[in-house]
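Everything below concerns the one structure shown next.
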Amino acid sequence: MWFFANRIPKRYHRDHSHHHHGPHDHHHHHDHNVETRKSGTREIKVVRRVLDANDIMADRMRSHFAAHKVFVLNMMSSPGSGKTTTLQKTLARIMPDLRCAVIVGDICTTNDADRLAESGAPVIQINTDEFGGDCHLAAHVVEKAVADLDLDAIDLLIVENIGNLVCPAEFDIGEDKRVVVLSVTEGEDKPAKYPLMFRECDATLLNKIDLLPYLDFDMELARKTIGQIHPGMPIFDISSKTEEGLEAWIKWLVEQVKAKINSATEQ
């Protein structure tokens with residue numbers, strides 16, 4: 001894990017005691033859908049214990065964030081959706097009105113953290129390659145990363161989760177809201193193929209709409225499918241390259257953050 005403050009890296013070591021022993025091994029294809037597993041009740045129980053332990057930690061983290069009046073956004077997507085570029089453009093528009101920090105999850109490299117650190121926000125990089133290449137961030141890993149942040153100096157903590165449309169959706173990290181980025185280059189069938197992600201998220205960003213003239217992406221079908229999976233979920237059409245549509249997305253995000261801050265202040 002790397003911590004960046006004004007682009008000066010500092011190395012931190014963390015333990016990985018949540019490694020899932022026994023049948024639930026992260027060297028497989030990361031299918032955590034226990035209802036479809038065929039290897040018996042023992043594996044289901046192991047997975048259930050992992051998720052239950054994670055939920056306990058996530059609830060503790062949620063209380064910790066609330067005590068410091070910090071809004072936490074968990075941003076998820078498949079690799080290459082434009083998630084980091086969207087965050088770069090978002091941070092440029094909301095800072096310094098909102099004090100922001102970012103936790104970046106990746107299996108390898110600090111590429112995304114380097115880019116986001118240019119915003120001036122403190123950025124912590126979590127790499128999972130040395131611990132088996134976990135496909136998601138879990139609550140206890142976020143807890144260790146947060147220990148290196150001054151939460152009293154933060155209004156919005158953004159967690160850029162590891163690129164994956166499956167595993168991250170199953171792990172609560174104590175966030176307030178979840179957002180999924182779906183690029184039009186991925187195809188309109190992805191919500192139907194990965195329904196849990198869209199069911200668990202609070203908003204969808206349909207990114208790279210500047211490429212629509214060159215693709216066969218069916219925007220109406222994508223919206224219809226998302227609406228069937230998660231009725232009423234806000235869907236924002238954006239281009240992180242041209243910044244088209246960012247105003248509506250940022251307005252929604254800022255409203256969520258300020259609502260939590262105001263609610264905590266009134267209590």
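Heavy atoms only: backbone and side chains are in, while hydrogens, waters and symmetry mates are out.
- The environment of CD in Glu255 is crowded: more than 12 heavy-atom neighbours from other residues, nucleotides or ligands sit within 6.0 Å.
- The heavy-atom pair separating Asn164 from Val166 by the smallest distance is OD1-N, 2.7 Å.
- You'll find the side chain of His140 stays beyond 4.5 Å of the side chain of Asn54, heavy atoms only.
- No donor-acceptor pair under 3.5 Å is formed between the side chain of Asn207 and the backbone N or O of Leu182.
- The minimum heavy-atom distance between Ile154 and Ala101, with the atom names listed, is CD1-CB, 3.6 Å.
- In terms of heavy atoms, Arg62 sits closest to Gly174 at NH2-CA, 3.5 Å.
- Side-chain contact check for Trp252 versus Val179: some heavy-atom pair is nearer than 4.5 Å.
- Here CD of Gln88 is found 8.5 Å from CG of Asp112. Values are rounded to the nearest 0.5 Å.
- With a 4.5 Å cut-off on side-chain heavy atoms, Val72 and Val159 count as touching.
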**Message:** Please determine whether side chain to side chain contact (heavy atoms under 4.5 Å, CB included) holds for the pair Glu186 and Ser78, giving the CA-CA distance in whole Å, both sets of side-chain angles, and the decisive distance to 0.1 Å.
**Reply:** CA-CA 9 Å; Glu186 297 173 70; Ser78 61; 2.3 Å; yes

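- With rounding to the nearest 0.5 Å, the separation of CD in Glu160 from CG in Leu116 is 5.5 Å.
- Taking CG from Asp176 and CZ from Phe71, the interatomic distance works out to 5.0 Å, rounded to the nearest 0.5 Å.
- Across Val104, Ile103, Val102, a single residue satisfies side chain to side chain contact (heavy atoms under 4.5 Å, CB included) together with Gln125, and that is Val104.
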**Request:** Check the pair Asp155 / Val70 against side chain to side chain contact (heavy atoms under 4.5 Å, CB included), numbers first and verdict last.
**Result:** CA-CA 5 Å; Asp155 301 312; Val70 176; over 6 Å; no

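- Between Val146 and Glu143 the shortest side-chain heavy-atom distance does not fall below 4.5 Å.
- Grouping the Ile, Leu, Val, Met, Phe, Trp and Tyr side chains by contacts below 4.5 angstrom, directly or via other members, places Met95 with Ile250.
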**Request:** Before giving the answer on side chain to side chain contact (heavy atoms under 4.5 Å, CB included), spell out for Met197 and Met76 the whole-Å C-alpha distance, their side-chain angles and the decisive distance to 0.1 Å.
**Result:** CA-CA 8 Å; Met197 175 63 72; Met76 299 178 280; 3.8 Å; yes

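- Nearest heavy-atom pair, Ile173 versus Ala139, reported as atom, atom and distance to 0.1 Å: CG2-N, 4.0 Å.
- Summarising the geometry of Thr110 relative to Asn127, their closest heavy-atom pair is CG2-OD1, 4.2 Å, with the distance given to 0.1 Å.
- Considering only heavy atoms from C-beta on, Phe217 comes within 4.5 Å of Glu188 through its side chain.
- Not one N or O on the side chain of Ser81 forms a donor-acceptor pair closer than 3.5 Å with the backbone of Ser77.
- When only modelled atom types and interatomic distance are considered, Lys89 and Ser240 share no side-chain donor-acceptor pair under 3.5 Å.
- No donor-acceptor contact under 3.5 angstrom links the side chains of Thr225 and Gln228, judged on distance only.
- Between the side chain of Lys260 and the backbone N or O of Gln256, no donor-acceptor pair lies under 3.5 Å.
- Checked by atom type and distance alone, the side chain of Asp218 pairs as donor or acceptor with a backbone atom of Leu221 at under 3.5 Å.
- Rounded to the nearest 0.5 Å, atoms CG (Leu157) and CG (Leu151) are 7.5 Å apart.
- In terms of modelled atom types and a separation under 3.5 Å, the side chain of Ser263 and the main chain of Ala259 share no donor-acceptor contact.
- Going from atom NZ of Lys208 over to atom CD of Glu244 covers 15.5 Å, rounded to the nearest 0.5 Å.
- Leu196 and Phe171 are assigned to two separate hydrophobic clusters, defined by single-linkage of ILVMFWY side chains at heavy-atom distances under 4.5 Å.
- Under the 4.5 Å side-chain criterion, counting only non-hydrogen atoms from C-beta, Arg178 is in contact with Asp172.
- The side-chain heavy atoms of His230 and Cys201, taken from C-beta on, include no pair separated by under 4.5 Å.
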**Request:** Please report the C-alpha distance between Phe198 and Thr204 in whole Å, then the side-chain angles of each, then the deciding distance to 0.1 Å, and finally whether the side chain to side chain contact (heavy atoms under 4.5 Å, CB included) criterion is met.
**Result:** CA-CA 8 Å; Phe198 293 85; Thr204 296; 3.7 Å; yes

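- Here the side chains of Lys241 and Thr85 are not in contact, with every heavy-atom distance at 4.5 Å or above.
- Heavy-atom minimum distance, Ile229 versus Ala192: CD1-N, 4.2 Å.
- Leu206 CG to Asp237 CG: the interatomic distance, rounded to the nearest 0.5 Å, is 5.5 Å.
- Side-chain heavy atoms closer than 4.5 Å link hydrophobic residues (I, L, V, M, F, W, Y) into clusters, and following such links, possibly through other members, connects Ile235 to Leu215.
- Counting non-hydrogen atoms of neighbouring residues, nucleotides and ligands closer than 6.0 angstrom, the CG atom of Asp152 exceeds 12 such neighbours.
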